Amino acid sequence: MPSDVVVYHSGLLYEADMVAEALEAASIPYLRRMVTDGGVELPMPDDAAPIDGVFWLIRVPRALRADAERTLRDLPMIAGDRPGFWDPDAQPRLRMVFRLVAAVLILAFAATSLL
């Protein structure tokens with residue numbers, strides 16, 4: 001069993017920074033990790049930048065999980081627990097529009113290739 005647990009994950013780098021700063025202010029040790037869309041977990045680079053398909057984890061020691069969750073409870077987070085390939089800010093209607101446009105483009109391409 002791992003000795004640390006994930007207390008926060010997001011596709012928004014600035015939120016991961018806010019979480020790290022709050023944990024540091026509360027003197028709770030933490031690890032910042034970068035996870036690719038393939039599931040590979042890596043140490044967060046010093047010059048981290050938002051990238052499609054990458055999200056950020058914050059891990060704390062298992063014994064301090066409750067303290068970390070109390071510390072993070074009042075932070076103004078947008079992403080919550082919705083990381084992954086899609087932008088955490090994307091609204092369901094925006095995703096639907098994207099899929100509709102993609103379907104129309106695919107159909108148009110298929111129709112032109114049949115001519």
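The first residue in the sequence is number 1, and the count goes up from there. Quantities reported herein were computed from a predicted structural model and do not represent experimental measurements.
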query: P29 versus L64: any side-chain heavy-atom pair under 4.5 Å?
result: yes

message: Does E41, at its CD atom, have more than 12 non-hydrogen atoms belonging to other residues, nucleotides or ligands within less than 6.0 Å?
response: yes

- request: Any chance you could measure R70, atom CZ, to I28, atom CD1, to the nearest 0.5 Å?
  value: 8.5 Å

message: What I'd like to find out is whether the side chain of V19 reaches to under 4.5 Å of the side chain of R32, using heavy atoms alone.
response: no

- prompt: Between CZ of R59 and CG of L23, what distance do you get to the nearest 0.5 Å?
  reply: 14.0 Å

query: At what distance, to the nearest 0.5 angstrom, does CD of E15 lie from OG of S10?
result: 4.5 Å

- request: Starting at CG of L42, measure out to CZ of R33 and round the result to the nearest 0.5 Å.
  value: 7.0 Å

message: If you define the side chain from C-beta out and look only at heavy atoms, does anything of H9 sit under 4.5 Å from W56?
response: no

- prompt: Should Y8 and V6 count as side-chain neighbours, where that means a heavy-atom distance under 4.5 Å?
  reply: no

- prompt: Looking at I58 and Y30, what are the two nearest heavy atoms and their distance?
  reply: CG2-CB, 4.1 Å

task: Before accepting this row, confirm whether a basic side-chain N of the pair D4/R65 lies closer than 4.0 Å to the acidic partner's carboxylate O.
output: no

task: Check whether any side-chain heavy atom of V35 sits under 4.5 Å from a side-chain heavy atom of V40, and report yes or no.
output: no

